[in-house]
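First comes the structure, then the notes that go with it.
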Amino acid sequence: MAKKQQQQQHQVMQQVPSVGGIRSSFQSLVALLIAILVVATIYIRQSNEQLFQYWTTYDKTINGLSSSCNLFAGKWVFDNRSYPLYKEKECTFMSDQLACEKFGRKDLNYQFWRWQPHQCDLPRFNATALLEKLRNKRLVYVGDSLNRNQWVSMVCLVDSVISPTFKSMHNNGSINIFKAIEYNATIEFYWSPLLVESNSDDPISHRVPDRIVRVQAIEKHARHWTDADYLVFNTYLWWRRRQMKVLWGSFESPEDGVYKAVKLPRVYEMALQTWAQWLEVHVDRNKTQLFFISMSPTHQKANKWGGIKGENCYSETEPVTEEGYAGDGASPRMMHVVDSVLGELKTRGLNVQMINITQLSDYRKEGHPSIYRKHWETITEEQLLNPKNYSDCIHWCLPGVPDVWNELLYAYILEL
């Protein structure tokens, strides 16, 4: 009996791992976790590098500049001598949505940053030279409120060199027209946030949560652009959702239409293909120059740039200094769609120049209006106690970041 008990105890002892075995297994597990962490770190770094390279590419060669000059890759340099290019209070047609100083912003350093490409200099903006280039011509911005942000910037950039009696502003529904009378030139903005027809096309009452698009219909809008000499498009902000409801039919008889929810980015691609087909058929290649402004990033999550989780652009006063920084306020998938559509157009002999503002704007987390703007809605007591909750981290203060977008556009217009 005693011998049998000894045999059972011996078998149990064989099944229990030794201290050395436990230590060895633990070390192996730690080594495996470290290996996984190293691989993940390398992958993330490579992904960020690829994203950075993607945001700063596209055809960037301009006549008169070095072929190695990439206007979209560079850094922001503080320059309070030559910037801003105009003063907020002196711009006749400044928008209250973008006039951050007027609405109480005290830190004005956002006005003094100059974009410096690594291998060349961005041509200095010259309002008179641009107006001469626009003599007897139309420059038309088409898109959403970020394109309107850029349009207001351009109006302010040229405003100071035109006497009050030789300029005018006219608003008619979706189209806003600034005219430099002496030059017979217009700088216009046309509200079309999704480019194709949608139930958000009203320029005032357009914040429709249940968004519907007619992805094959664009003529209603496009007839207003047909004879423009310069067309500057954008569309991204209003597509930021998982899917969009598509209507095959008419908004005049919605009950007779066919509806289908289509996921992003496919529905975005469908709309851009309709836009591209219209351009291919209707644009006079000998007259009209085409531009597409890449997506403007938002700054809704401060932890992405090393800030506190739950915070946003509110109270930010400095740009991001880490070169290659890429937040999550822009979508590489959507950018690839634009790239593909523009590439197809180019193979068919129609060039749309991408103005790649995504990476350079991503650094500028402090450039947004935040709470310093006119509020069209009533601010509640609860919101006042927590201002970041109603901060605008999408649009941009003026003078500011969109002025650089226009400096890039200016470089192409003057040199093309």
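- Judged by the 6.0 Å and 45° rule, R364 forms a cation-pi pair with W76.
- Taking the ring centroids of H368 and H299, they lie under the 6.0 Å cut-off.
- Annotation for M270 and W248: closest pair CE-CZ2, 3.9 Å, computed over non-hydrogen atoms.
- Both tests do not hold together for R214 against Y259: distance to the six-membered ring centre under 6.0 Å, angle to the ring axis within 45°.
- Every residue two or more places apart in sequence or in another chain was checked for a side chain to side chain donor-acceptor pair (under 3.5 Å) with Q243, and none qualifies.
- A donor-acceptor pair shorter than 3.5 Å can be found between the side chains of D121 and Q116.
- The shortest side-chain heavy-atom distance between I371 and R105 does not fall under the 4.5 Å cut-off.
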**Message:** Set out, in order, the CA-CA distance, both residues' side-chain angles and the distance that settles salt bridge (Lys or Arg N to Asp or Glu O under 4.0 Å) for E280 and R348, then state yes or no.
**Reply:** CA-CA 8 Å; E280 187 179 3; R348 298 199 292 270; 2.8 Å; yes

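- Inspection of the H336 and D339 side chains reveals no N or O donor paired with an N or O acceptor under 3.5 Å.
- At most 12 non-hydrogen atoms from other residues, nucleotides or ligands lie less than 6.0 angstrom from CD of E381.
- At a threshold of 4.0 Å, the pair R114-D79 counts as salt-bridged, since one of the basic side-chain nitrogens sits closer than that to a carboxylate oxygen.
- Annotation: side chain of L237 is in contact with side chain of S145 (closest heavy-atom distance under 4.5 Å).
- Here the closest non-hydrogen pair linking L272 and L195 is CD2-CD1, 4.1 Å.
- Between Y86 and D403, the side chains place a donor N or O and an acceptor N or O closer than 3.5 Å (distance only, hydrogens not considered).
- Between R373 and D96, no side-chain nitrogen of the basic residue sits less than 4.0 Å from a carboxylate oxygen of the acidic one, so the salt-bridge criterion is not met.
- In summary, the aromatic rings of W275 and F292 are positioned with their centroids under 6.0 Å apart.
- Other residues, nucleotides and ligands contribute over 12 non-hydrogen atoms within 6.0 Å of the NZ atom of K287.
- For F125 and Y410, the distance between ring centers is under 6.0 angstrom.
- Between the side chains of Q300 and T298, no donor-acceptor pair is found at a separation under 3.5 Å.
- In this structure, a donor-acceptor pair under 3.5 Å is present between the side chains of T358 and S294.
- For P117 against N70, the heavy-atom pair with the smallest separation is CB-O, 3.7 Å.
- One side chain, W396 or S296, offers a donor N or O that lies under 3.5 Å from an acceptor on the other.
- Each side-chain hydrogen bond (donor to acceptor under 3.5 Å, both in side chains) pair with one or both residues in residues 182-195, not counting sequence neighbours, appears once here: N136-N184, R138-E188, T186-E188, Y190-H221.
- W305 and E316 share a side-chain donor-acceptor pair at under 3.5 Å.
- Looking at every heavy atom in both residues, Y390 comes nearest to Q383 through CE2-O, 3.1 Å.
- For F78 and W113, the distance between ring centers is under 6.0 angstrom.
- The environment of NZ in K75 is sparse: at most 12 heavy-atom neighbours from other residues, nucleotides or ligands sit within 6.0 Å.
- Side chains of Y372 and D107: no donor on one and acceptor on the other come within 3.5 Å.
- In this structure, I204 places its CD1 atom where only 12 or fewer heavy-atom neighbours from other residues, nucleotides or ligands lie under 6.0 Å away.
- Between L146 and W405, the closest heavy-atom pair is O-CZ3, 3.9 Å.
- The two residues C100 and P369 have their closest heavy-atom pair at SG-CA, 3.5 Å.
- The closest side-chain donor-acceptor pair between H118 and E323 falls under 3.5 angstrom.
- At least one donor-acceptor pair under 3.5 Å links the side chain of T274 to the backbone N or O of V215.
- Atom CD of E377 sits in a crowded spot, with more than 12 heavy atoms from other residues, nucleotides or ligands closer than 6.0 Å.
- The closest side-chain donor-acceptor pair between D201 and S198 falls under 3.5 angstrom.
- Between F178 and F93, the gap from one ring centroid to the other is short of 6.0 Å.
- A distance of 6.0 Å or more separates the ring centres of F72 and W115.
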